[in-house]
Amino acid sequence: MINIEVTDDELRYLIACGYALLLNVPEESLPTYCRFTKEQIIEIGLKFRTIADENGIDL
């Protein structure tokens, strides 16, 4: 088991953006739908990917 601390924004990302991306929300609508830009989504995703890689979690 891995314990990770996430910021309030990162938790919002996990809940809101993941669902928005599944629905294929257009890039220009992302900030309205989930309060994050494409660049912010990429940044947070890369952070989580790094944590997964460092802990041997296969995605």
Side-chain angles (χ1 to χ4, degrees):
M1 179 164 80
I2 298 170
N3 292 316
I4 11 177
E5 290 186 28
V6 295
T7 66
D8 293 350
D9 278 343
E10 291 166 342
L11 182 58
R12 282 187 202 95
Y13 164 84
L14 290 171
I15 295 167
C17 289
Y19 190 65
L21 295 173
L22 285 174
L23 294 174
N24 293 315
V25 173
E27 180 180 337
E28 62 275 1
S29 298
L30 286 171
T32 302
Y33 191 86
C34 65
R35 298 180 1 171
F36 290 91
T37 65
K38 176 183 173 183
E39 291 76 22
Q40 290 171 311
I41 292 169
I42 291 169
E43 180 182 328
I44 293 169
L46 288 173
K47 175 183 177 179
F48 291 146
R49 178 63 188 241
T50 300
I51 291 169
D53 288 346
E54 289 172 349
N55 289 279
I57 298 170
D58 184 27
L59 301 177

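The structure presented is a predicted model; accordingly, all values stated were derived computationally and were not measured.
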Side chains of residues 25-32: which donor-acceptor partners sit under 3.5 Å, not counting sequence neighbours?
none

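Between Glu5 and Lys47 the shortest heavy-atom distance is O-NZ, 4.3 Å.
Scored by the side-chain contact (heavy atoms from CB on, under 4.5 Å) test, Gln40 finds Phe36, Thr37 as partners (sequence neighbours excluded). Not counting sequence neighbours, the partners of Asn55 by the side-chain contact (heavy atoms from CB on, under 4.5 Å) test are Ile2, Ile51, Ile57.
Put simply, Ile42 and Ile44 are part of two different groups of oily side chains (I, L, V, M, F, W, Y) that touch within less than 4.5 Å, one to the next.
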